[in-house]
Amino acid sequence: MNSINKTIATAQRSMQICNACRYCENLCAVFPAMTDMRDFDTPSLDYLANLCHQCGACFEACQYAPPHPFAVNVKQALSEQRADSYARVSPSRRIWTLVQRHGAIAGVALAALFSIILIIATAWTSSASLLVNHDGNFYALMPHGVMAFLGLVSFAFGVLGSILAAHRFQRDAGAKLDRVAWRGALRDATTLRYLGDDLCGAERLLLKRWQKHLHHFMTGGFLLCFVSTSLGTLAHYVLDSPAPYPWYSLTGLTGSVGGLAMLLGTTGLIGLKMYRPAQGDDATRAMDVGLVTLLWGVAATGLLLRFAGDSSVMGLVLMVHLGFVFAFFVTLPFSKMIHIPLRLLALARFHTRAGSHRLT
Amino acid sequence: MSMSGAESGASETVDFSTDVLVAGGGNAALTAAICAAEAGARVMLVEAAPQQWRGGNSCHTRNLRSYHDQPYDVLVESYSEQEYWEDLLRVTAGKLDEPLARMTIRESGNAMRWMQRQGVRFQPALSGTLSLSRTNAFFLGGGKTLMNQLYARAQALGVDIHYETAIEQLHFEGSELKSVGVRRRGFPARVRARALVAASGGFESNLDWLAEAWGDAARNFLIRGTTYNKGVVLRQLLDHGAAPVSTADQCHAVAIDARAPKYDGGIASRLDCVPFSIVVNRNGERFYDEGEDFWPKRYAIWGRLVAAQPDQIGYSIIDSKSIDLFMPSLFAPVVADTIEDIARQLNLDPHAVGATVDRYNAAVVDGSFDHQQLDDCHTEGLSPDKTHWARRLDEPPYYAYPLRPGITFTYLGVKVNDRAQVLDHNAQPWTNVFAAGELMAGNVLGQGYLGGIGMTIGTVFGQIAGEQAARYVAALSDAA
């Protein structure tokens, strides 16, 4: 509890100095949002912290940053506040803390566990063998119904948990979100407007641009994979045409392109994280690495499956891929993925405040 | 060009040799370095501060004042040369070099564009900055972001930048600068330069020099910016025969929160409560009309006003009616439910303060309060009267803010011509010494201040100094 109070006190002190200075006013949404506040209680700080995209432009702009005695570090203060807000709205604080502590490997470890369970379960219950060529027919090893059921259950678990967290966040925020607000929020989110890449400093500019592009690749690829799965589901139930689908089919193409984009994006983002070593101002760094690694695994195993379809290891690869996918779903509320609903809600709230979107 | 010719007093080896040596690391210095490099000169820049403190006072700035005949980028409407000139004339009461000032104003239009070509970006006037959007262009991310971009640009142009490198001794031969003795991270070194641009600030960080000008009162001043402007280069230029401009007791000073740190409090320690308050000194007495004019037009005189008070301290007192009328303060105000209590917390005589407030309240003539107009709320029969925004202090809780003079920068500098060349007492220019920024701002600001003009002066004269220094060096090469 002590460290949380310290986090809040630090954030409050920083905000007070920021309010008296205001030079960062047009760097991003955080500063205009801060302008109307005189008191910085926890819900207000949570709002600002989730509006923040961890870009660091304000830290480089700040004449009160260390070594100045005021030692203002808004990036770090909001990063810690944000991590704390994630923990507080999470469906289970205990699970959250556990995952946070083992951030980088938690997701992958769970994926490995699921994979092993699936392999063992299939080996025990299925009449078909795992190490035989099945001509790309997944359902010889695991009935479609079972696969769909497992997928749905893990997905529902993840989504419901995320909805619960989002509800907790919004309940404390108390802002009414209308259509204009959501339109603004979605626009800012899909363009990553506040991942500041258009500020000064040559090296910084390059890195920030890369981060934006790679993030777009990752999410774009992910969405394409989602489209692919949906098309496959449609094909299965509506068109009576089950998997496997040829690579040149719409289902096949969206899946392959999506998976490739996702692989490129996640590989690049992992590389960026390694290139910029920890500077102590990123409280969710472990979770960031963990999520990006897990997603890398999802993409890599998925692409492998595409190529291994007609081989004798298809079964194994399938189980590993499913392990990664289910782990990703299940950890949705306990991973960095929670930034999606929370940041969207913060952005939507930003777009409801009349005077607060003065940004050029 | 060959290195022939004996150096005056040179017994040490030369460690560095350059075309243009720029002394300083702020806006004027970087502007000069970039312009000289763009013009083809080899440039070396020496900044006394370490990298994390680079940029001097420029890191605390937020805008520059720019003339424009039509809306441009973040500047709305127009701000003519004539209006700019009249504003400057008014605040300086005519104490300036007219041709240089007019040139500065004329060139201010280009200053913003020049900055943009270096990659600097601007933002609309900050919320709470009192209608400056017509006259002042604000740097996106403030002065430190501006400096980050100028440093990046200078490095990209190949300027040789040395941090923690302070100038100790200028070596002349007559009026020609031959070399400079520096101390580089503690170790002495010698730089031979064909031209020098002196852009290393005023002497505001030098408490001893301030005391020479102000007496003991200077000990109670706060310095709003850098600790590195000791005036070393300025002193040597003046000692070597440069003609001085303005005087040692002239400066840009504002009243800031007395609890601000001694140095580098910057913009955050500014207080905007004065027009809505009464201000008393250590003896509990008022000493000036707090409501004389809008704050942006008066804030610059309050530094000197408080400096003239005993112990260089003042106390701004408001009641709950006014607490939301100005930008939130950095430090929490002193709060109490009675005037006597506030006085006690401030270590003032409660009877004296109480009497002042009673006298003030009795003299208030009711009017219709409007903080956006020069309203008719005033006092009658007081000495001094409060001529606008005067309301009775009668609704607790009461709030008080202690004020001290905060020096932004000093005006005593070197006289220059329109090519930024330093002039001697016969108004003759030195061959190869140029000045820009605070070190020569006194040519344009004999007294008083106009918000944003400091950076304008730095950019305009930085450009001229850099170009002229490069031109001089090129002419030497042609002649050789």
Side-chain angles (χ1 to χ4, degrees), chain A residues 12-40 55-75 196-207 353-360, chain B residues 49-53 55 57-63 73-74 118-129 138-153 155-156 225-226 257 260-272 323-324 326-332:
Chain A
Q12 285 173 328
R13 196 181 58 81
S14 302
M15 301 292 105
Q16 204 157 347
I17 297 171
C18 289
N19 238 351
C21 166
R22 300 200 180 170
Y23 289 4
C24 290
E25 197 158 71
N26 287 280
L27 287 187
C28 74
V30 171
F31 298 94
M34 198 194 297
T35 298
D36 295 332
M37 299 175 178
R38 256 187 210 260
D39 302 308
F40 298 103
C55 82
C58 62
F59 182 70
E60 293 186 17
C62 187
Q63 65 270 32
Y64 297 112
H68 191 281
F70 286 178
V72 174
N73 190 339
V74 173
K75 179 186 180 189
D197 75 339
D198 49 7
L199 268 194
C200 330
E203 186 201 299
R204 215 189 145 272
L205 186 68
L206 193 65
L207 282 178
R353 296 178 73 88
S356 67
H357 42 284
R358 310 167 59 241
L359 299 182
T360 43
Chain B
Q51 186 165 355
Q52 317 107 293
W53 286 109
N57 282 339
S58 300
C59 289
H60 285 289
T61 66
R62 57 188 192 176
N63 59 39
D73 198 81
V74 296
Q118 313 312 317
V120 175
R121 298 184 67 217
F122 291 85
Q123 62 181 342
L126 309 178
S127 57
T129 54
F138 284 73
F139 315 121
L140 176 65
K144 187 162 175 189
T145 303
L146 164 72
M147 292 317 302
N148 285 343
Q149 185 56 18
L150 293 183
Y151 270 98
R153 179 85 178 116
Q155 271 164 313
T226 180
D257 197 309
K262 185 72 174 176
Y263 289 93
D264 281 306
I267 198 75
S269 52
R270 159 211 75 213
L271 280 170
D272 296 335
I323 188 68
D324 286 326
F326 48 93
M327 290 265 276
S329 61
L330 174 61
F331 301 106

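Since we're looking at a predicted model, the values are computed, not measured. Chain letters run A, B, ... following the sequence lines, proteins first, then strands; residues in each count from 1.
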Practice problem: Using modelled atom types only, decide if a donor and an acceptor are shared between the side chain of Gln63(A) and the backbone of Gly143(B) within a distance under 3.5 Å. | Solution: no

Quiz item: Which region of Tyr64(A), side chain (C-beta onward) or backbone (N, CA, C, O), has a non-hydrogen atom less than 4.5 Å from a non-hydrogen atom of chain B, or is it both or neither?
Solution: side chain

Self-check item: Among Pro69(A), Cys18(A), Ala65(A), Cys62(A), residue most engaged with chain B (heavy-atom pairs, under 4.5 Å)
Solution: Cys62(A)

Quiz item: Has the side chain of Arg153(B) got a donor or acceptor atom that lies under 3.5 Å from a matching backbone atom of Gly119(B)?
Solution: no

Quiz item: Between Phe70(A) and Phe331(B), how do the two ring planes meet: parallel, tilted or perpendicular, split at 30° and 60°?
Solution: perpendicular

Quiz item: Quick check: does any side chain N or O of Tyr23(A) sit under 3.5 Å from a backbone N or O of Phe138(B), one acting as donor and the other as acceptor?
Solution: no

Quiz item: For Arg270(B), is it the side chain, the backbone, both, or neither that has a heavy atom closer than 4.5 Å to a heavy atom of chain A?
Solution: side chain

Quiz item: Are the side chain of Asp264(B) and the backbone of His68(A) linked by a donor-acceptor contact shorter than 3.5 Å?
Solution: no

Practice problem: Please state whether the side chain, the backbone, both or neither of Ser58(B) comes within less than 4.5 Å of a heavy atom of chain A. | Solution: neither

Quiz item: When heavy-atom pairs shorter than 4.5 Å are enumerated against chain B, which of Cys24(A), Cys21(A), Pro67(A) gives the highest number?
Solution: Pro67(A)

